[in-house]
Amino acid sequence: MNTSNGRRQFIKAAGAAGLLSAGAGLPTLALAQTAKLKVGLMLPFTGTYASLGVAIANGFKLVVQEQGGKLAGRELEYITMDDESEPSKGADRANQLVNRDKVDLIVGTVHSGVQMGIVKIARESGVLNIIPNAGVEAATTQLCAPNIFRTSFANGQPAFPMGKHVADKGHKNVVTVAWKYGAGEESVAGFKDSYLKAGGKVSKELWVPFPNVEFQSILTEIASLKPDAVFVFFAGAGAAKFLKDYQAAGLKGKIPLYGTGFLTDGILESVGNAAEGIETTLHYGDGLNAPRNKAFQLAYAKTFKLQPDVYAVQGYDAGLLLLAGLKAVNGDMNRKKEMYAAMERAEIDSPRGKWKMSKGHNPVQDMFLRKVVGTENRVTGTVIKALDYPPAAACKMPV
Ligand code: BEZ
């Protein structure tokens, strides 16, 4: 048999077996399972959230490394896109990944405003989007979609338990400080949800434009308002700057500071003792006794010569979620329905502990209280188990 005859015979047989894509003349199954999986890594690699982007990419790649360089038999090709945490560039950059680079999925991003652009493109194109940080609540409530999954948190989720904790500490009047964009606003709203219900009063909400780190006038105002406590949302390099400025202004030790764990995660090495003793709530922390945590921390430190933080865990879980989906379809991403069904029912064995997806595709997960001790965000307790927040009921999943 000459080669062209052999190919015709194969195509005929493959066609009879239903393995050909319409009109393409090539065996879909073979292609789908052998071509490299194109992963768009759309993350901030510059600016105040740069270290968060790097940790997420590292965490994701660690899963691939642990799987011997392939996920369910597929090698990966990364198309890296720096989104600069710039909301005005979100949709354009996601569109480039989908329509110019033809990625199979987008893993991204960190900033809630940029995420809104990715969500728009994911909804329009149907391309899979795994969100490894950005907590914008709409992504898993009003704008939920079969192809959009989150492995991190919704913005109000880690803030909600802190409201009750601050009230339980006897702080009756609080000032909130946050960057004025979706993440800050939803974080403050989550805090207030439980703080006000517990009888607390927010005497003033102070806002800083993102990514501004000029905190002097805010600190002067806090000093004159003299609240019982301050609740904060900042993250990355901005959080480190805020903690140092709070101490330099003489407020540390006078007016207790609380926040979601983003205030102190990944930055403790750079702030001296400015964060010592601060309590935060988050879905991860140091010393967590989850079965997968020790091995994860060792492997991450060995591979990247860095200590993992919550962002690394979220990137790692993005890899685990993709792996669960790909395994169910033998690496064939054309079988989207089956793949997404597997991702919906997956129990992710995360370094933070096991968790599952809500109806809107956001983690239903335990929330921990942590306290800064030296360079550790030491877990001191579990404040809420299996928190689904904001309630997934707001998601009407399109079919
Ligand atoms: C956000 O923009 O959603 C975000 C960024 C950093 C930490 C937490 C949330």
Side-chain angles (χ1 to χ4, degrees), residues 42-57 59 82-90 94 107-119 129-141 143 148-162 176-191 207-213 231-243 259-268 280-285 308-315 317-318 352 362-363 365 367 370 377 389-390:
M42 182 163 158
L43 295 163
F45 294 109
T46 52
T48 199
Y49 287 160
S51 62
L52 286 61
V54 170
I56 288 166
D82 180 7
D83 67 37
E84 304 164 47
S85 295
E86 177 47 65
S88 65
K89 298 182 177 161
V107 175
T109 190
V110 166
H111 184 289
S112 278
V114 180
Q115 190 64 50
M116 287 301 280
I118 303 181
V119 165
N129 173 209
I130 302 182
I131 308 172
N133 184 74
V136 58
E137 293 178 359
T140 52
T141 55
L143 295 177
I148 299 176
F149 291 82
R150 179 151 53 202
T151 60
S152 49
F153 56 89
N155 283 322
Q157 200 175 17
F160 177 74
M162 187 44 98
T176 64
V177 191
W179 269 318
K180 180 87 181 138
Y181 80 99
E185 288 162 344
E186 291 178 343
S187 188
V188 168
F191 170 81
W207 302 100
V208 182
F210 178 87
N212 202 333
V213 291
F231 171 82
V232 178
F233 170 83
F234 292 113
K241 171 81 167 40
F242 183 83
L243 290 168
T260 52
F262 309 114
L263 180 63
T264 56
D265 236 72
I267 49 106
L268 290 178
T280 58
T281 39
L282 202 66
H283 44 283
Y284 185 64
D309 54 20
V310 69
Y311 309 108
V313 171
Q314 295 166 176
D317 288 6
R352 72 185 99 166
N362 187 63
Q365 56 190 333
M367 288 291 147
R370 309 119 42 95
N377 281 292
Y389 188 95

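Just so you know, ligand 1 is whichever comes first in the structure, and atom 1 is the first atom listed for that ligand. All of these numbers come straight from a predicted model, not from anything done at the bench.
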Check whether any side-chain heavy atom of His111 lies under 4.5 Å from a side-chain heavy atom of Asp83, and answer yes or no.
-> no
Is there side-chain contact between Lys241 and Thr48, with heavy atoms separated by less than 4.5 Å?
-> no
What protein heavy atom sits nearest atom 2 (O) of ligand 1, and how far away is it?
-> Tyr181 OH, 2.6 Å
His111 heavy atoms, cut-off 4.0 Å: which ligand 1 atoms fall inside?
-> 2 (O)
Report the part of Asn133 in contact with ligand 1, treating N, CA, C, O as backbone and CB onward as side chain, heavy atoms under 4.0 Å; options are side chain, backbone, both, neither.
-> side chain
Taking the six-membered ring for Trp, are Tyr181 and Phe233 parallel (under 30°), tilted (30 to 60°) or perpendicular (over 60°)?
-> perpendicular
Parallel, tilted or perpendicular: which describes the rings of Phe210 and Tyr49, with under 30° parallel and over 60° perpendicular?
-> tilted
With distance as the sole test, does Gln157 use its side chain to make a donor-acceptor pair with the main-chain N or O of Asn362 at under 3.5 Å?
-> no
Atom indices of ligand 1 within 4.0 angstrom of Asn155 heavy atoms, with elements = 3 (O), 9 (C)
Which protein non-hydrogen atom lies closest to atom 1 (C) of ligand 1, naming both residue and atom, and how far is it?
-> Val110 O, 3.2 Å
For ligand 1, find out whether one of its N or O atoms is nearer than 3.5 Å to an N or O atom of Ser112.
-> yes
In terms of atom number and element, which parts of ligand 1 are under 4.0 angstrom from non-hydrogen atoms of Ala134?
-> 3 (O)
Among Asp309, Asn133, Thr151, the one residue meeting side-chain hydrogen bond (donor to acceptor under 3.5 Å, both in side chains) with Gln314 = Asn133
How does Ala235 reach ligand 1, by side chain, by backbone, by both or by neither, if only non-hydrogen atoms under 4.0 Å count?
-> side chain
What atoms of ligand 1 come closer than 4.0 angstrom to any heavy atom of Ala183?
-> 1 (C), 2 (O), 3 (O), 4 (C)
Does a donor on one side chain sit under 3.5 Å from an acceptor on the other, for Asn129 and Gln115?
-> yes
Taking non-hydrogen atoms only, is Phe153 closer than 4.0 angstrom to ligand 1 via side chain, backbone, both or neither?
-> side chain
